[in-house]
Amino acid sequence: MLTMATTAIALLAIGATAQWWDNFDPTQHLGGNSPYFSGPNVFGISTDPPPGCSVDQAGFLSRHGSRYPDPGSYNTWVNLAAKIQNASFSTWAPEFQFLQSWKSALRNPAPELSELSLGGYKELYDMGVDYRWQYPDFYTENTPFVLWANRYQQSVFRVVDSARLFARGYLGPNATVDGSVYVLNNSDPRSIANSLAASDLCANYNDNSGGDNATTWANIYVPPIVKRINSLFRGNLNFTASDVTQFPYLCGFETQITGRRSPWCDAFTQQEILAYEYSQDIRYWYGTGLGTKLEKNLMLPFLTALVQRFVDGPNATYPNGNASTPFHPNPLIATFSNDGQVNQLAAAIGVFDQEPQLPATYIPQSRIFKSSNFVTMRGTVSFERLNCGSRGLYMRIKLNDEVYPVPYCQQGPGRSCPLNQYQSIIASKTKAAGDFEVACGIANTSIVPIGQDKTTFLTNLNLPFEYVVKP
Ligand SMILES: *[C@@H]1O[C@H](CO)[C@@H](O)[C@H](O)[C@H]1NC(C)=O
Ligand SMILES: *[C@@H]1O[C@H](CO)[C@@H](O)[C@H](O)[C@H]1NC(C)=O
Ligand SMILES: *[C@@H]1O[C@H](CO)[C@@H](O)[C@H](O)[C@H]1NC(C)=O
Ligand SMILES: *[C@@H]1O[C@H](CO)[C@@H](O)[C@H](O)[C@H]1NC(C)=O
Ligand SMILES: *[C@@H]1O[C@H](CO)[C@@H](O)[C@H](O)[C@H]1NC(C)=O
Ligand SMILES: *[C@@H]1O[C@H](CO)[C@@H](O)[C@H](O)[C@H]1NC(C)=O
Ligand SMILES: *[C@@H]1O[C@H](CO)[C@@H](O)[C@H](O)[C@H]1NC(C)=O
Ligand SMILES: *[C@@H]1O[C@H](CO)[C@@H](O)[C@H](O)[C@H]1NC(C)=O
């Protein structure tokens, strides 16, 4: 039961949701729970190739697109709806008038749970078209195109489906004939250091979701929000801290599932959303990023192989294992995985190497590490080989379409890094991290002996732990 009383007090209450009259978009401040958006241009660097240079090869690792919730989150939503329906309450706050009739946005949970949503379909198809527009010379109609996807879980297809939908946008109506998604089985022991989720076979890997630092920050920012929101209700509706931290999550998910701005997006004030956003930054920084010792290194085998492809150049061909025909890859290296891997890769590429450790007790306003700007759904770390003729070859990195320089290697055009120097930077990081199997606590076995624990899938389409899915 819910009633609304429009009084002068109600108007004052709206003041709490400042986003109603400025351009603040909460869906762009939800970290890993944001739908995709093209990032803000943090450094003010043009995304066009610098004058005198062209992009002759590019690559990316993208997170899967916007999706439905996993079963755990879905059950939380169902329980929250039951709790609201069961309560007897009233509120004068206009932003909560929707509560009485609110229910989960899933229509048919069995096939929807954990898979791409309609918003995800659109993100991936658009992404394919956008990449083709951006690099129109990379693909010739009716030729083969190979891309790669992490298998993720045995019965969840969101990553593979993301690659398929990207291929449909990139290749158009003949995608099913021309495209081949090579799916790498992240749990096959032969794929150690040679998949799009190497952390899944790393025994010592432990994503602590931010650990003590996440708890410290949650204990600071959440209680005042719980208190403020509960004070808006008369009756027996009493939200807990875990209820309230679902509200921004629901804002992001419902918006991409339904294609309309979720009413939950008005539940938090702008300052509260920014505090939630920072909790996501801490979660990724200390869970799988530069606040860790091991986890931050686990995409280095992939990055090493990727950079070698750029050093080899767009016209290289590879023996392709023991196949009879060599592999002549497209200049676009398209790979898809999950948020943990995107964040691990962001930690390895160098752009955040001079960021101080994130404090657990306040939000550093000047930080450039914002998970909302690259771990979003369809969040993408991308690379461009700049061919600047006699001036040489350079590496340029983009997060969700915007250029991020490597702070200690930005002397190239458009603040890019000389390609050979970038390769040396990644080699030094790999040396410091040590052998993958040793660091991960994996016994030296004959399946993948020490020294052979590296990524080869970008140049070999005949590995026994991969299989092809058509777009
Ligand atoms: C509904 O309310 C009753 C009585 O207050 C309570 O016992 C029950 O646990 C509530 N159910 C839910 C789903 O909150
Ligand atoms: C699709 O493939 C067919 C058969 O090879 C070809 O005739 C047609 O031109 C292709 N269409 C496009 C849009 O490339
Ligand atoms: C992936 O590898 C695991 C472990 O070897 C195996 O059980 C599973 O069937 C494989 N999955 C697929 C889809 O091939
Ligand atoms: C919290 O951050 C500090 C550095 O600011 C770090 O020393 C500590 O290990 C972190 N705690 C956890 C649990 O990650
Ligand atoms: C709301 O729940 C909290 C525990 O989650 C409890 O401490 C508080 O007293 C409750 N408030 C009301 C008004 O029932
Ligand atoms: C790759 O081959 C194309 C076609 O022959 C040529 O135009 C281009 O310059 C080559 N690129 C490099 C980097 O060698
Ligand atoms: C790892 O095992 C292989 C045989 O499977 C052996 O040749 C090699 O010396 C071992 N390496 C180390 C560092 O133990
Ligand atoms: C080809 O390579 C695969 C491993 O990639 C191996 O299992 C197979 O035996 C090889 N075939 C031949 C004919 O060498």
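Nothing here was measured: the structure is a model prediction, and the numbers come from that model. Basis for what follows: all heavy atoms, side chains included, without hydrogens, waters or symmetry-related copies.
- With H29 as the fixed residue, the ring pair (Phe, Tyr, Trp, His ring centres under 6.0 Å) test singles out one of F268, F24, Y276: F24.
- At a cut-off of 3.5 Å, with distance as the only test, no side-chain donor of S191 or N185 sits close to an acceptor on the other residue.
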Query raised in the report: Would T361 and W217 count as a side chain to side chain contact (heavy atoms under 4.5 Å, CB included) if you check the C-alpha gap in whole Å, the side-chain angles of each, and the deciding distance to 0.1 Å?
Result: CA-CA 6 Å; T361 53; W217 178 241; 5.7 Å; no

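- In this structure, a donor-acceptor pair under 3.5 Å is absent between the side chains of E123 and Q256.
- Looking only at distances, no side-chain donor or acceptor of Q423 sits under 3.5 Å from a matching main-chain atom of V307.
- Of the possible donor and acceptor atoms, none in the side chain of N174 sits under 3.5 Å from a partner among the backbone N and O of V177.
- Summarising the geometry, atom CG belonging to L184 is positioned 6.5 Å from atom OG belonging to S195; distances are rounded to the nearest 0.5 Å.
- Counting heavy-atom neighbours within 6.0 Å of K122 NZ, excluding the residue itself, gives a total of 12 or less.
- Taking the side chain as every heavy atom from C-beta outward, V468 and V183 never approach each other to under 4.5 Å.
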Report task. Begin from the C-alpha positions of I349 and V406 and carry the test side chain to side chain contact (heavy atoms under 4.5 Å, CB included) through to its verdict. Result -> CA-CA 8 Å; I349 54 182; V406 177; over 6 Å; no

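- Between R385 and D312 there is no salt bridge, since no side-chain N of the basic residue sits under 4.0 Å from a carboxylate O of the acidic one.
- The closest side-chain donor-acceptor pair between S38 and D401 falls under 3.5 angstrom.
- A side-chain donor-acceptor contact under 3.5 Å links S180 and K470.
- In this pair, F166 and Y170 present their aromatic rings parallel. The plane angle is below 30°, not in the 30 to 60° band.
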Requested in this report: Would you check, one step at a time, whether the test side chain to side chain contact (heavy atoms under 4.5 Å, CB included) holds for M127 with T380?
Outcome: CA-CA 10 Å; M127 182 187 187; T380 305; 3.8 Å; yes

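- Distance CG/N387 to CG/D56: 4.5 Å, rounded to 0.5 Å.
- A side-chain donor from one of S372 and E277 sits under 3.5 Å from a side-chain acceptor of the other.
- A donor-acceptor contact shorter than 3.5 Å is absent between the side chain of Q344 and the backbone of A197.
- Remark: side-chain polar atoms of Q410 are paired, donor with acceptor, to backbone N or O of P407 under 3.5 angstrom.
- For T216, the side chain to side chain donor-acceptor pair (under 3.5 Å) criterion is met by no residue, not counting sequence neighbours.
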For a quick test of your reading: what N or O donor-acceptor pairs under 3.5 Å do the side chains of residues 439-449 make, sequence neighbours left out?
from, atom 1, to, atom 2, distance (Å)
N444, OD1, I450, N, 2.8
T445, OG1, I447, N, 3.3

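- For R164 and D161, the salt-bridge test passes: some basic side-chain N is under 4.0 Å from an acidic carboxylate O.
- In this structure, the side chains of S117 and E112 stay at 4.5 Å or more apart for every pair of heavy atoms.
- Under the 3.5 Å distance criterion, with hydrogens and angles disregarded, no donor-acceptor pair is assigned to the side chains of R168 and Y125.
- With hydrogens and angles left out, the side-chain atoms of T376 and N400 include a donor and acceptor closer than 3.5 Å.
- Note: F336 and F60 meet the aromatic proximity criterion, with ring centroids under 6.0 Å apart.
- Pairs engaging residues 456-468 under the salt bridge (charged side-chain N to carboxylate O under 4.0 Å, His left out) rule: none recorded [sequence neighbours left out].
- Between L332 atom CG and E384 atom CD the span is 10.0 Å, to the nearest 0.5 Å.
- Identified under the ring pair (Phe, Tyr, Trp, His ring centres under 6.0 Å) test for residues 282-326, with sequence neighbours left out: W285-F369.
- Pairs passing the ring pair (Phe, Tyr, Trp, His ring centres under 6.0 Å) check and including a residue from residues 403-439, sequence neighbours excluded, read F43-Y404.
- Counting only N and O atoms by type, the side chains of T456 and N194 include a donor and acceptor under 3.5 Å apart.
- Between the side chains of E295 and T288, no donor N or O sits under 3.5 Å from an acceptor N or O.
- I257 is not listed as a side-chain neighbour of L118, based on a closest heavy-atom distance of 4.5 Å or more.
- Formation of a donor-acceptor pair under 3.5 Å by the R396 side chain with backbone atoms of L386 is not found in this model.
- Using a cut-off of 4.0 Å between Lys/Arg side-chain N and Asp/Glu carboxylate O, E141 and R132 are scored as salt-bridged.
- Between F138 and V55 there is a side-chain heavy-atom pair separated by less than 4.5 Å.
- A salt bridge between K429 and D353 is present, with a side-chain N of the basic residue lying under 4.0 Å from a carboxylate O of the acidic one.
- P69 is listed as a side-chain neighbour of L106, based on a closest heavy-atom distance under 4.5 Å.
- Classification of the Y249-W77 ring pair by plane angle, with boundaries at 30° and 60°, yields perpendicular.
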Report task. I would like to know whether L196 and L61 meet side chain to side chain contact (heavy atoms under 4.5 Å, CB included); could you show each step before the answer? Result -> CA-CA 9 Å; L196 284 162; L61 175 76; 3.8 Å; yes

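- The residues R67 and E115 are annotated as not salt-bridged, no charged nitrogen and carboxylate oxygen being separated by less than 4.0 angstrom.
- We find the CG-SG distance between D453 and C202 to be 11.0 Å, quoted to the nearest 0.5 Å.
- Remark: side-chain polar atoms of H328 are paired, donor with acceptor, to backbone N or O of A316 under 3.5 angstrom.
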Report task. Would you sort out whether R283 and D207 count as a salt bridge (charged side-chain N to carboxylate O under 4.0 Å, His left out), showing the intermediate values? Result -> CA-CA 9 Å; R283 180 260 170 279; D207 174 1; 2.7 Å; yes

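- A salt bridge between D200 and R151 is absent, with no side-chain N of the basic residue lying under 4.0 Å from a carboxylate O of the acidic one.
- Using cut-offs of 30° and 60° for the angle between ring planes, the F327 and W148 rings count as perpendicular.
- Applying the salt bridge (charged side-chain N to carboxylate O under 4.0 Å, His left out) test to every pair with at least one member in residues 178-190, sequence neighbours left out, gives these pairs: D188-R190.
- Under 4.0 Å is where a charged nitrogen must lie from a carboxylate oxygen, and between D281 and K370 no such pair does.
- Remark: side-chain polar atoms of R63 are paired, donor with acceptor, to backbone N or O of V375 under 3.5 angstrom.
- The structure places SG of C409 at 4.0 Å from CD1 of I425, a figure rounded to the nearest 0.5 Å.
- The closest side-chain donor-acceptor pair between T27 and D25 falls under 3.5 angstrom.
- Put simply, the side chain of T143 never gets that close to the backbone of Y139: no donor and acceptor are under 3.5 Å apart.
- Donor-acceptor pairing under 3.5 Å is recorded for the side chains of S114 and D70.
- When all heavy atoms of A214 and S209 are compared, the pair lying nearest together is CB-O, 3.7 Å.
- At a threshold of 4.5 Å between non-hydrogen side-chain atoms, the residues L30 and Q280 do not count as touching.
- For the atom pair Q341 CD and S62 OG, the distance stands at 12.0 Å (nearest 0.5 Å).
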